[in-house]
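What follows is a single structure, written as structure tokens, with notes after it.
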Amino acid sequence: MHKSENRGSWEFQPEETLIEDSGEFPSCLAQADLNGQNKDPSAGCAVDVPGPSYQNEDIMSESWRQHRKHVFVLSEAGKPIYSRYGNEEALSSTMGVMMALVSFVQAGGNTIQSIFSDNRTVVFLQNGPLVFVSVSATRQSEQQLRSELLHVYHQIVSLLTQASINRIFECRKNYDLRRLLFGSEKILDSLLDVMDSDPGFMLSAVQCLPLPSSSRDVLSQILQKAVTPNLVFSFLIANNRLVSIVQEKTVLEDARLKPSDLHLLFNLIRASAFQAGEIWTPICLPLFNHDCYFYAYVAYLDPPECTVCLVLLSTDKEAFYAMAECKRKIEEAFASQNALQCVSNTQMSCFDDVGLANLRHFLYKPSNVQEHHRQLPQFTCPEMDVAYRTQDEKIHLLDLYRNMHNRIHSTSRPLKLIYHSAERETLLAWVTSKFEMYACFTPLITKKSAISELTKLLRWIKKEEDRLFICNLPKYSTTPQPGRSSTDRGRSDRQSASDTGLLSLL
Amino acid sequence: MLMISPRMASGMQEKQYTPSLLSFFIYNPKFGPREGEEEKKILFYHPIEIEKNEKIRNVGLCEAIVQFTRTFCPTKPAKSLHTQKNRQFFHEPEENFWMVMIVRNPMVEKPNKDGKPPTVEYQEEEIIDSVYGSVLQQCYSMYKLFNGTFSRAFEAGGVELLTQKLEKFFYRYLQTLHLQSCDLLDVFGGISFFPLDKMTYLKIQSFVNRVEESLSLIKYTAFLYNDQLIWSGLEQEDMRILYKYLTTSLFPRHTEPELAGRDSPLRPEVAGNLLHYGRFLTGPANLKDPDAKFRFPRIFVNTEDSYEELHLIVYKAMSAAVCFMVNSAVDLSREFCEQLDSMVGPHLTLLASDICEQYNVNRRISGPEKEPQFKFIYFNHMNLAEKSTIHMRKTASVSLTSVHPDLMKILGDINCDFARVDEDEEIIVKAMTDYWVVGKKSDQRELYVILNQKNANLIEVNEEVKRLCATQFNNIFFLD
């Protein structure tokens with residue numbers, strides 16, 4: 001995906017073999033540029049453009065200290081790798097202190113977890129040779145902040161694979177990982193931004209575009225037919241919601257795609273902010289298999305609006321043209337059946353007609369007991385109410401949900417229900433064996449009305465279940481090409497490094 | 001502390017360890033700023049057996065953590081450090097003087113088959129920061145009550161005097177900490193008020209006035225009945241810590257001799273004195289003995305402004321106890337004590353039985369006390385009034401609660417949530433055991449109710465709590 005800069009790599013002989021010769025593998029950025037489009041933040045397209053870069057922010061300033069959440073990534077040797085705000089090189093002494101704290105506690109046979117002060121929480125996470133630190137002014141729980149750091153780790157793994165990271169640091173304890181992550185900071189920036197504003201991370205679930213199941217089936221069937229050997233997943237995404245997902249049956253067997261991997265994939269696409277043309281990039285799905293790469297073909301089907309995105313995942317590094325061919329077939333079929341009409345017609349906030357005057361917003365996630373939700377955990381939520389239109393207000397509401405989520409899922413004293421009447425809103429969180437839901441009402445609602453509106457909402461969701469969620473994940477089968485059997489299987493059991501040849505990408 | 005809990009059919013027993021004190025130290029970085037001088041920073045360290053360099057390293061870690069958090073917010077540094085095995089609490093009660101308490105996390109030891117060492121599982125979530133943070137703050141308040149501030153001691157006698165005082169106080173005080181039973185009430189540090197009718201209250205008020213007028217040496221008075229406060233002339237913060245001392249340390253040490261049987265050794269040797277049941281809890285144990293030496297404990301109050309050092313005289317008759325506080329510069333002679341005894345003794349005895357009678361009358365009038373089917377905790381931030389029907393006995397060592405500790409922790413969580421905002425809120429939760437917990441915060445008052453009504457729904461729970469508020473709180477509101 002990125003072009004690794006061989007800055008004086010002749011000094012570091014052992015890594016040469018790890019650094020890919022990028023000649024025949026164009027980076028997605030290069031590809032996008034080749035097609036003559038530059039990313040234009042002001043184009044009113046649906047692609048989320050990452051926030052402004054804080055690369056050169058003055059770390060001594062008050063505004064730097066006041067950021068809502070800092071995230072730092074460093075190596076075990078104390079070498080800075082990434083900082084969300086400010087230049088990580090300038091922060092190397094602060095990072096040195098962080099590493100010293102980690103090591104000191106470790107030396108006592110203990111593990112440092114977090115530091116709390118009145119208005120900051122510092123959370124530590126160590127994974128292999130990488131250390132992650134979050135300094136947050138939000139009042140999120142330690143567990144939630146740590147799971148966010150874990151996502152950052154996984155996003156890095158999605159770029160490099162875990163096996164590579166471990167191997168690099170085994171060879172050289174003070175390797176500077178920035179050399180391999182150069183250009184990818186904006187992916188991490190984008191991930192941190194989206195984790196605040198997308199409830200999917202908290203719920204570990206994916207949000208689907210509501211569609212009548214017949215329309216969705218039409219789209220899925222088209223995807224199912226446009227397959228090629230070594231293609232294992234096909235996704236159709238519209239307006240950042242999942243429309244359809246089909247997967248290869250025999251190669252993957254019982255393999256399940258975790259929402260966290262999907263979030264990372266979507267973030268990668270979002271952060272690259274390309275519009276026209278295609279991307280062909282390696283991506284590792286850490287929860288699926290953290291040691292090998294898939295190859296992702298990504299293209300928007302409706303330039304220049306760029307709301308509908310096709311993603312094809314293959315295990316074959318050379319399959320770019322085969323993927324492009326699949327895309328062409330899909331586009332043709334969509335055009336001839338006018339299949340995308342339903343996508344543009346779909347309404348998000350259709351629960352307006354249920355007549356719930358006091359309900360402002362809700363999150364609903366069916367439980368993992370039902371088969372299709374175990375296959376792919378999903379959740380549904382409407383567009384934000386007028387009370388939460390600005391980014392700040394939206395994040396404020398999600399913070400409230402996050403607090404309740406933390407309490408209700410406490411490991412030592414979990415709860416079944418929380419009803420919280422606060423000054424600006426009334427909130428409810430409810431976990432049953434069938435679902436998990438969070439709702440936000442106007443502040444002065446009575447308990448009777450809240451219960452009554454909630455009941456109506458649940459009834460409506462039940463009725464609309466088919467439309468709100470993807471109820472089955474169609475499968476297809478392709479026969480793997482002979483002679484490549486050891487390289488093209490993205491199975492969830494581990495492959496040894498020499499076998500797959502995929503690991504030599506780096 | 002170790003508790004065994006038998007589990008499951010396998011017959012193998014898990015061992016549950018409750019939180020315990022690992023370490024407690026006090027330091028001032030300004031006392032040893034240069035390299036090689038680190039040991040000078042340490043003013044008190046428990047356990048004392050720890051090797052010097054390890055002490056220095058542990059103190060160094062605390063300094064580093066405080067400094068690190070100052071990078072992000074200079075005015076509000078670290079309050080606690082969470083590690084897998086223990087939790088450290090930081091408190092800076094006076095500028096540059098730091099107190100640190102390290103608590104070992106509760107843990108479960110699960111036995112393994114085949115002679116493998118048992119697996120230890122640490123339960124970090126069981127410790128609520130606000131609870132133990134408050135316990136640490138109270139350690140300082142209690143020290144300050146009997147010793148004055150750190151800075152004054154340092155000014156008066158340098159590091160030597162300060163370390164001496166710290167050693168003397170904390171060596172004993174730390175032994176009284178029972179970390180396994182700390183809970184929400186430690187966060188409140190409240191005072192239980194005795195509910196009284198207006199008439200009796202006025203009688204007590206006038207008694208206090210009369211004594212203060214006749215014995216002009218008395219600066220402040222506090223009146224308690226049955227471990228509950230009725231009236232105090234002290235500032236709230238001072239009364240709060242004095243109350244804790246009286247109810248958890250002084251009173252439990254002195255049982256009621258007049259309730260003891262005729263042949264009991266507790267019966268005082270005051271055969272001739274049938275005039276009253278009054279006696280000194282601090283000071284002269286036996287007034288009849290002219291050679292017996294006595295002294296009154298000294299306390300420090302109003303440390304923020306007037307900084308007064310006082311003798312603490314605690315005098316008790318039956319269930320009524322009065323504290324008289326006199327300037328410590330005055331030398332309290334035997335004559336003074338006898339004067340006090342003869343004036344206060346009879347009067348207080350009468351008052352005590354009056355209160356008792358009135359209280360019984362009130363109870364009869366208000367009907368048979370609906371014995372707390374309501375389990376609740378109430379606290380008023382304005383006057384520190386606290387009431388709990390969950391805690392059955394509060395002694396120096398243990399607070400027995402009639403609900404599962406997990407429910408108390410849920411209360412602690414709700415209290416933390418309330419503390420985040422200033423506005424009035426209500427939080428109702430249903431626990432996994434189907435118990436309902438309702439927390440209400442309104443106008444500086446907090447109320448927590450635990451309902452064991454498994455099949456109730458939200459509306460019914462709401463009604464129950466409304467009923468509780470309408471009945472149970474009239475008495476207490478009277479004293480506001």
Side-chain angles (χ1 to χ4, degrees), chain A residues 59 64-67 70 94 97-98 100-101 104-124 135-137 139 141-143 403-404 406-408 410-424 426-431 446-448 450-451, chain B residues 54 57-58 60-61 64-88 90 123-126 129 133 406-407 409-410 413-414 416-417 420-434 436-440 457-459 461-462:
Chain A
I59 61 169
W64 183 84
R65 281 198 284 270
Q66 299 281 15
H67 280 298
H70 285 272
T94 313
V97 172
M98 291 180 213
L101 294 176
F104 185 96
V105 177
Q106 215 167 47
N110 199 353
T111 319
I112 194 171
Q113 291 173 327
S114 55
I115 304 173
F116 284 78
S117 58
D118 268 344
N119 49 15
R120 292 288 189 286
T121 309
V122 183
V123 175
F124 296 84
V135 180
S136 165
R139 309 245 198 142
S141 70
E142 186 182 329
Q143 291 79 7
N403 287 342
M404 291 200 292
N406 175 50
R407 289 275 184 242
I408 218 169
S410 156
T411 43
S412 68
R413 36 193 187 273
L415 304 168
K416 289 187 180 177
L417 179 119
I418 302 178
Y419 186 91
H420 185 167
S421 311
E423 174 104 338
R424 293 203 274 159
T426 294
L427 300 151
L428 178 115
W430 192 10
V431 173
T446 64
K447 293 186 177 67
K448 268 208 171 80
I451 302 281
Chain B
E54 197 181 321
R57 275 199 306 270
N58 290 339
L61 175 66
I65 290 191
V66 167
Q67 269 313 105
F68 174 68
T69 50
R70 283 219 160 104
T71 325
F72 298 95
C73 186
T75 51
K76 297 210 164 118
K79 283 177 89 162
S80 69
L81 167 69
H82 295 215
T83 68
Q84 182 199 28
K85 296 184 179 170
N86 58 53
R87 202 167 289 194
Q88 300 194 15
F90 309 100
Q123 302 167 317
E124 299 105 21
E125 274 205 29
E126 301 291 316
D129 273 4
D406 275 351
L407 285 171
K409 297 196 179 108
I410 291 176
D413 290 339
I414 297 178
C416 285
D417 288 342
R420 291 176 190 212
V421 291
D422 287 329
E423 294 94 27
D424 295 348
E425 297 201 322
E426 179 185 64
I427 297 181
I428 303 179
V429 308
K430 185 173 185 188
M432 290 305 263
T433 47
D434 285 334
W436 288 88
V437 179
V438 178
K440 281 167 99 73
N457 63 29
L458 190 66
I459 315 277
V461 165
N462 199 37

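Order of the sequence lines sets the chain letters (A, B, ...), proteins ahead of strands, with each chain counted from 1. FYI, side chains are in, hydrogens and waters are out, and symmetry mates aren't considered; it's all heavy atoms of this structure.
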Heavy atoms, side chains only, cut-off 4.5 Å: are [X] and [Y] in contact?
X	Y	answer
A:T94	B:F68	yes
B:Q67	A:V97	no
A:L415	B:I410	yes
A:K416	B:D434	yes

Contacting region of [X] [heavy-atom separation from chain A under 4.5 Å]:
X	answer
B:T69	side chain
B:R57	both
B:L81	both
B:N86	both

### Summary
Heavy-atom closest pair (B:A78 atom, A:S117 atom, distance to 0.1 Å) is CA-CB, 3.7 Å

### Summary
Between A:N403 and B:R420, the two heavy atoms sitting closest are ND2-NH1, 3.0 Å

### Message
Quiz question: by atom type and distance under 3.5 Å, do the side chains of B:E125 and A:S410 form a donor-acceptor pair?
### Response
yes

### Query
Which of the residues A:I115, A:N110, A:D118 is involved in the greatest number of heavy-atom pairs with chain B at under 4.5 angstrom?
A:N110

### Query
Quick one: does B:K85's side chain have a donor or acceptor within less than 3.5 Å of a partner on A:G109's backbone?
yes

### Query
With no hydrogens and no angle check, is any side-chain donor or acceptor of A:R407 less than 3.5 Å from a backbone partner on B:D413?
yes

### Message
Measuring from atom NZ of B:K430 to atom OH of A:Y419, what distance do you get when rounded to the nearest 0.5 angstrom?
### Response
16.0 Å

